[in-house]
Amino acid sequence: MKNIIFIAPPATGKGTLSAMLKDKYNYIHLSTGDLLRSEVESGSDLGQTINEKISVGELVSDEIITELLIKNLEKLTNQNFILDGYPRTTSQAQTLNKIFNDLNISDYIAIYLKIDKEEAKRRALGRITCSGCNKIYHLYTESMKPNQDNICDICGKELVQRSDDNEETFNKRFDTYLEKTAPILEYYQSLSKLVEVEVCNEKEQTLAKIEEILIEE
Ligand code: ADP
């Protein structure tokens, strides 16, 4: 299977789709959002600096995020991987390109998940995540509700709402996406690595579209 870079507006479902692809095809899933949130939870000084950015919907600095990626590089060499949340700026895309060249990685595609803002907002405002295993649920999507209110089906831990999944921060995250992240679509287009997938209401349908692309490529 090809390695995957997901590029998408906030709350499109990158995390959910990555988990499905991981289960089905044994991908390594590297989510920079999850890495950052565990640094925040650790209570470190770095975690505090990170939280100041995440909580207002801004990006963490390229330096911090790239250092975090480099610490996890072995994950990109052992198994096919999904990069979920990196790159998010043109500078990060250029850094990643250098890393790929150094590691001899050329077998990848950048999948742009297309969604309109109102649907992304609905997804953000209804998302709840397991505080133990990070599994993602949704309060208003029937097929993504937990069996028991507020309890993870898998590990039994409490489900929580992310602090950046409120309307104000979502709006800022969306603007940040348009300003900082959307330009990297052109970058991957110029490398002939970009494919576009319009997300569907049902995650299984979106997954099927992605699988078709992975087979075709
Ligand atoms: P979503 O895609 O749903 O917005 P993520 O979990 O991918 O959520 O990211 C949450 C937040 O973490 C972002 O809004 C941003 O503040 C920070 N973040 C994640 N990845 C990066 C990155 N590559 N560069 C800078 N900040 C990042």
Side-chain angles (χ1 to χ4, degrees), residues 4-19 22 29-42 46-73 75-76 81-97 99 110-117 119-131 133-138 141 144 160-185 187-188 197 199 203 206:
I4 298 172
I5 299 171
F6 274 134
I7 305 169
T12 306
K14 300 179 274 105
T16 302
L17 290 163
S18 298
K22 177 183 171 185
H29 174 207
L30 195 59
S31 155
T32 47
D34 285 348
L35 290 176
L36 291 170
R37 281 184 289 276
S38 29
E39 191 66 46
V40 172
E41 273 161 34
S42 78
L46 176 62
Q48 211 169 328
T49 309
I50 291 170
N51 197 32
E52 280 163 19
K53 294 291 184 188
I54 292 187
S55 58
V56 293
E58 288 176 12
L59 294 182
V60 169
S61 73
D62 285 340
E63 289 71 25
I64 290 178
I65 195 76
T66 299
E67 201 180 314
L68 212 61
L69 179 78
I70 287 171
K71 273 195 201 156
N72 284 277
L73 270 193
K75 297 195 176 135
L76 306 188
F81 61 81
I82 299 172
L83 262 180
D84 160 5
Y86 192 102
R88 261 183 155 101
T89 63
T90 303
S91 152
Q92 290 176 22
Q94 288 162 346
T95 302
L96 187 65
N97 205 25
I99 292 174
I111 300 181
Y112 163 45
L113 296 172
K114 197 171 168 211
I115 193 169
D116 69 51
K117 184 176 175 184
E119 174 58 15
K121 189 186 285 186
R122 189 193 76 81
R123 292 182 181 203
L125 301 187
R127 169 163 60 186
I128 41 174
T129 310
C130 175
S131 53
C133 69
N134 288 335
K135 184 172 165 58
I136 299 163
Y137 295 86
H138 202 274
T141 300
M144 289 183 72
V160 292
Q161 185 174 45
R162 271 171 43 180
S163 60
D164 57 347
D165 277 343
N166 60 72
E167 185 154 8
E168 190 187 347
T169 311
F170 172 84
N171 286 331
K172 175 66 188 168
R173 279 157 65 202
F174 202 91
D175 291 346
T176 304
Y177 165 80
L178 291 178
E179 186 195 341
K180 302 271 171 60
T181 307
I184 70 175
L185 295 173
Y187 180 79
Y188 284 105
V197 171
V199 297
K203 57 188 188 311
T206 312

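Every number for a ligand or one of its atoms is a count from 1 in the order of the listing. Heads up: numbering here begins at 1 and tracks the sequence.
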For ligand 1, indicate whether the residue [X] contacts it via side chain, backbone, both or neither (heavy-atom separation under 4.0 Å).
X    : answer
L36  : side chain
R127 : side chain
L59  : both

Legend entry - Backbone or side-chain N or O of K53 under 3.5 Å from ligand 1 N or O: no
Legend entry - Contact (N/O only, under 3.5 Å) between T32 and ligand 1: yes
Inset, instruction - Determine whether more than 12 heavy atoms belonging to other residues, nucleotides or ligands lie under 6.0 Å from atom CD of Q94. - result: yes
Legend entry - Heavy-atom neighbours of Q161 CD exceed 12 at 6.0 Å: yes
Inset, instruction - Could you please spell out the steps behind the salt bridge (charged side-chain N to carboxylate O under 4.0 Å, His left out) verdict for K53 and D164? - result: CA-CA 10 Å; K53 294 291 184 188; D164 57 347; over 6 Å; no
What protein heavy atom lies closest to [atom]? Include the residue and the distance to one decimal.
atom                    : value
atom 23 (N) of ligand 1 : G85 O, 2.7 Å
atom 16 (O) of ligand 1 : E58 O, 2.7 Å
atom 14 (O) of ligand 1 : R173 CG, 4.0 Å
atom 26 (N) of ligand 1 : V60 N, 3.1 Å
atom 8 (O) of ligand 1  : R162 NH2, 3.1 Å
atom 21 (C) of ligand 1 : R88 CD, 3.5 Å

Does [X] reach the side chain of [Y], with side-chain heavy atoms less than 4.5 Å apart?
X    : Y    : value
F170 : R123 : no
F81  : L76  : yes
Y187 : N97  : yes

Enumerated ligand 1 atoms positioned under 4.0 Å from heavy atoms of [X]:
X   : value
K14 : 2 (O), 7 (O)
R37 : 6 (O), 10 (C)
A11 : 1 (P), 3 (O)
I54 : 12 (O), 16 (O)

Legend entry - Test: K135 cationic atom under 6.0 Å from Y137 six-membered ring centre, within 45° of axis: yes
Legend entry - Heavy-atom closest pair, residues T169 and G57: CG2-N, 3.4 Å
Inset, instruction - Check M144 against I136 and note the closest heavy-atom contact, atom names and distance. - result: CE-O, 4.0 Å
Legend entry - Sub-4.0 Å heavy-atom contact, Q92 with ligand 1: yes
Inset, instruction - Indicate whether the side chain of S31 and that of R37 have a donor and an acceptor atom separated by less than 3.5 Å. - result: no
